[in-house]
*Asks:* 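Sending over a structure as structure tokens; questions will come in a sec.
Every chain is numbered from 1, with letters handed out A, B, ... down the list of sequences.
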There are 2 protein chains.
Amino acid sequence: MATGRNHRPATRSRGIPEATVARLPLYLRALTALSERSVPTVSSEELASAAGVNSAKLRKDFSYLGSYGTRGVGYDVEYLVYQISRELGLTQDWPVVIVGIGNLGAALANYGGFASRGFRVAALIDADPSMTGRQVAGIAVQHVDDLESIIAANDVSIGVITTPGGAAQQVCDRLVAAGVSSILNFAPTVLSVPEGVDVRKVDLSIELQILAFHEQRKAAEDLSRSVSDGVRVSRARRGDQGPEGEIPAVMPA
Amino acid sequence: MATGRNHRPATRSRGIPEATVARLPLYLRALTALSERSVPTVSSEELASAAGVNSAKLRKDFSYLGSYGTRGVGYDVEYLVYQISRELGLTQDWPVVIVGIGNLGAALANYGGFASRGFRVAALIDADPSMTGRQVAGIAVQHVDDLESIIAANDVSIGVITTPGGAAQQVCDRLVAAGVSSILNFAPTVLSVPEGVDVRKVDLSIELQILAFHEQRKAAEDLSRSVSDGVRVSRARRGDQGPEGEIPAVMPA
DNA sequence: ATGCCTTTGTGAACGCGTGCACAAAGATGG
DNA sequence: CCATCTTTGTGCACGCGTTCACAAAGGCAT
């Protein structure tokens, strides 16, 4: 039920809105950068600008965590880093398994952003026997037959699925049965999971299609503007705005 | 200003809500699967189930495109595939450049989901001279010095950034200056772009942090429930719920 | 042709998220 | 100790998105 975007639509996480939770990592990243530059305090305006959000939104977000600011001064960077880290559960270590060590799985295994924030790649799992034992990012790939024991041995609760779409649901079921209750799904599949399991989806193809929609809309606007203004627009040459040549994605006013 | 999630917050795309646009690729995928099985028609209930959404939401989404269903019967699969494809701009070919051919960039270049839906990897670009000329996914990597000419020669309007965070803004600026107006950003950076340029962000680290938040919340709930019920919960052993041992992410009722 | 049955399309209500605007709070200088 | 100035925290209003519930519409059997 839980899809990647607009996550956990009904249940509010007991006080902290989902939209706020989704922004906390953004703030944390900006704060960490400030911390590394030894900046002691930061105002909501500055931090909001660094995180790319509205300052009122940022203040409201922080208000859900508590009153951690000082009026007239701003927020203590170190303190806020700690509070957000704790709220996100990053003060503890999260072992993660990656299932499906293809190009993407290998890329994720090598991705530095994991280790930097409390996430540790506990195991790499693949169904291909010829992959078993191969070192990827310094970790030996294990066979999917041992999935359950690997999960149990490492007390893993977060799984990343980077298998082909056809295998995703099956892998998901096994992960969940083995005790994993949070899944990051890169496979182009709608996973069905029991109540209590969180799924977030990252779908590269969908992201591109959304961009294409807006791109087409912009092209159509440019086209209609160029017709009236006589301005030549590169993208307008592309043509093919549908079979009837009508402007797509534009409802009749 | 445009962040990856909740995209284009103010401007509605002249008739089609952004939330609907984000779901169209989901419907399209489900419909394509039905089409391959030669299913002629589908009801909103069936399709919604396949796409993992509410049927009322699906019907309202389709209502923004027009009245393409037949009451008492459902939707014609082939016709709907065509209409959605056209609406998303997938009837035309979108040349895409990928900048930053590391693990992730290479994974994306090899990703089959691109070509299957009107997207064509027109060029791979990297700043490392030793990468220049190397074949990745059958495409020769080109040097970033030639970025502008590559964009122009291929009439590229969509760029994918998979560089390290430090290089992302610079690459972004050059892409935009060269005429790219839609960017898919995998770098952990808040990109600032001029008006009219769309940016979608995919941040693996952020997705994991959101999962960790919910995971921690579930662990805290399990913990408090196990205290009263005497149920032993695996995750409860993990401990370390913050320095005061209080339950995090739970506002006092 | 007529009545029934299924399914769409949508009006209306509700809830969440956002942003404005301001009062409260606290630091700082005299 | 008081005045001033900065910045937080939040009440409020607004708009978008979701969901319900039902009337309209069309197929189908008799």
*Asks:* Would you tell me if any nitrogen or oxygen in the side chain of Ser44(A) comes within less than 4.0 Å of OP1 or OP2 on dT8(D)?
*Replies:*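 Result: yes.
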*Asks:* Could you walk me through whether Tyr68(B) and Tyr75(B) pass the ring pair (Phe, Tyr, Trp, His ring centres under 6.0 Å) test, one step at a time?
*Replies:* CA-CA 7 Å; Tyr68(B) 293 151; Tyr75(B) 299 91; 8.6 Å; no
*Asks:* Give a yes/no answer on whether the side chain of Arg59(A) brings an N or O atom under 4.0 Å of OP1 or OP2 in dT18(C).
*Replies:*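 Arg59(A) to dT18(C) OP1/OP2: no side-chain N or O under 4.0 Å.
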*Asks:* With distance as the sole criterion, do the side chain of Arg71(A) and the base of dT8(D) form a donor-acceptor contact below 3.5 Å?
*Replies:*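 Looking at the base of dT8(D), it does pair with a donor or acceptor on the side chain of Arg71(A) (distance under 3.5 Å).
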*Asks:* Checking side-chain contact (heavy atoms from CB on, under 4.5 Å) against Phe186(A), which of Asp203(A), Leu108(A), Thr163(A) comes through?
*Replies:*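 Of all the options given, the one that passes is Leu108(A).
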*Asks:* Any donor-acceptor pair under 3.5 Å between the side chain of Lys60(B) and the base of dT18(D)?
*Replies:*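 No, the side chain and the base share no sub-3.5 Å donor-acceptor pair.
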*Asks:* Cut-off 3.5 Å, side chains only: do Thr91(B) and Arg86(B) have a donor facing an acceptor?
*Replies:*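 Side chains of Thr91(B) and Arg86(B): no pair found under 3.5 Å.
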*Asks:* Given atom OH of Tyr68(B) and atom P of dT8(C), what is their separation to the nearest angstrom?
*Replies:*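 So the two atoms are 16 Å apart, to the nearest Å.
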*Asks:* Rounded to whole angstrom units, what separation is found between the CD1 atom of Ile16(B) and the P atom of dG17(D)?
*Replies:*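 Rounding to the nearest Å, CD1 of Ile16(B) and P of dG17(D) are 12 Å apart.
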*Asks:* Rounded to whole Å, please give me the gap between OH in Tyr64(B) and P in dC16(D).
*Replies:*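 Computing the Tyr64(B):OH to dC16(D):P distance gives 10 Å.
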*Asks:* If I take atom CD in residue Glu18(B) and atom P in nucleotide dG17(C), what distance separates them, rounded to the nearest angstrom?
*Replies:*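 Interatomic distance, CD of Glu18(B) to P of dG17(C): 17 Å.
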*Asks:* Consider the side chain of Arg23(A), meaning its heavy atoms from C-beta on, and name the nucleotide among dG9(C), dT8(D), dT18(C) that approaches it most closely.
*Replies:*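 The answer is dT18(C), which lies nearest to the side chain.
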*Asks:* Tell me which one of Val160(A), Asn185(A), Leu184(A) satisfies side-chain contact (heavy atoms from CB on, under 4.5 Å) with Arg200(A).
*Replies:*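 The single option meeting the side-chain contact (heavy atoms from CB on, under 4.5 Å) with Arg200(A) is Leu184(A).
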*Asks:* In whole angstrom, give the distance that lies between atom CD of Glu45(B) and atom P of dT19(D).
*Replies:*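 Computing the Glu45(B):CD to dT19(D):P distance gives 13 Å.
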*Asks:* Between dA21(C), dT7(D), dG9(C), which nucleotide gets closest to the side-chain atoms of Ser63(B)?
*Replies:*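 When the side chain of Ser63(B) is considered, dG9(C) is the closest of dA21(C), dT7(D), dG9(C).
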*Asks:* From CG of Asp76(B) over to P of dT7(C), roughly how many Å is that when rounded to an integer?
*Replies:*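 Interatomic distance, CG of Asp76(B) to P of dT7(C): 16 Å.
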*Asks:* Taking only side-chain N and O atoms of Lys57(B), does any of them lie within less than 4.0 angstrom of OP1 or OP2 on dT19(D)?
*Replies:*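 True: Lys57(B) side-chain N/O within range (under 4.0 Å) of dT19(D) OP1/OP2.
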*Asks:* Are Tyr111(B) and Phe114(B) an aromatic pair by the rule of ring centers under 6.0 Å?
*Replies:*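 Under 6.0 Å, so yes.
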*Asks:* If you assign each of Ser67(A) and Thr70(B) to its closest nucleotide in DNA chain D, which residue comes earlier from the 5' end?
*Replies:*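 Comparing both residues, the 5'-ward one is Ser67(A).
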*Asks:* Check whether any side-chain nitrogen or oxygen of Tyr75(B) sits under 4.0 Å from OP1 or OP2 of dG9(C), and answer yes or no.
*Replies:*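 Yes, such a contact exists.
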*Asks:* Between dG19(C), dT8(C), dG9(D), spot the one nearest the side chain of Asn54(A), thanks.
*Replies:*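 Between dG19(C), dT8(C), dG9(D), the one nearest the side chain of Asn54(A) would be dG19(C).
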*Asks:* Using the side-chain heavy atoms of Val73(A), tell me which of these nucleotides is nearest: dT18(D), dG9(C), dA27(C).
*Replies:*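 Of the options given, the side chain of Val73(A) lies nearest dA27(C).
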*Asks:* Specify the separation, in whole Å, of atom CG of Asp61(B) and atom P of dT18(D).
*Replies:*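 Rounded to whole Å, this separation is 7 Å.
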*Asks:* Rounded to whole angstroms, how far apart are CG on Leu47(A) and C1' on dT7(D)?
*Replies:*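 Distance, rounded to whole Å: 14 Å.
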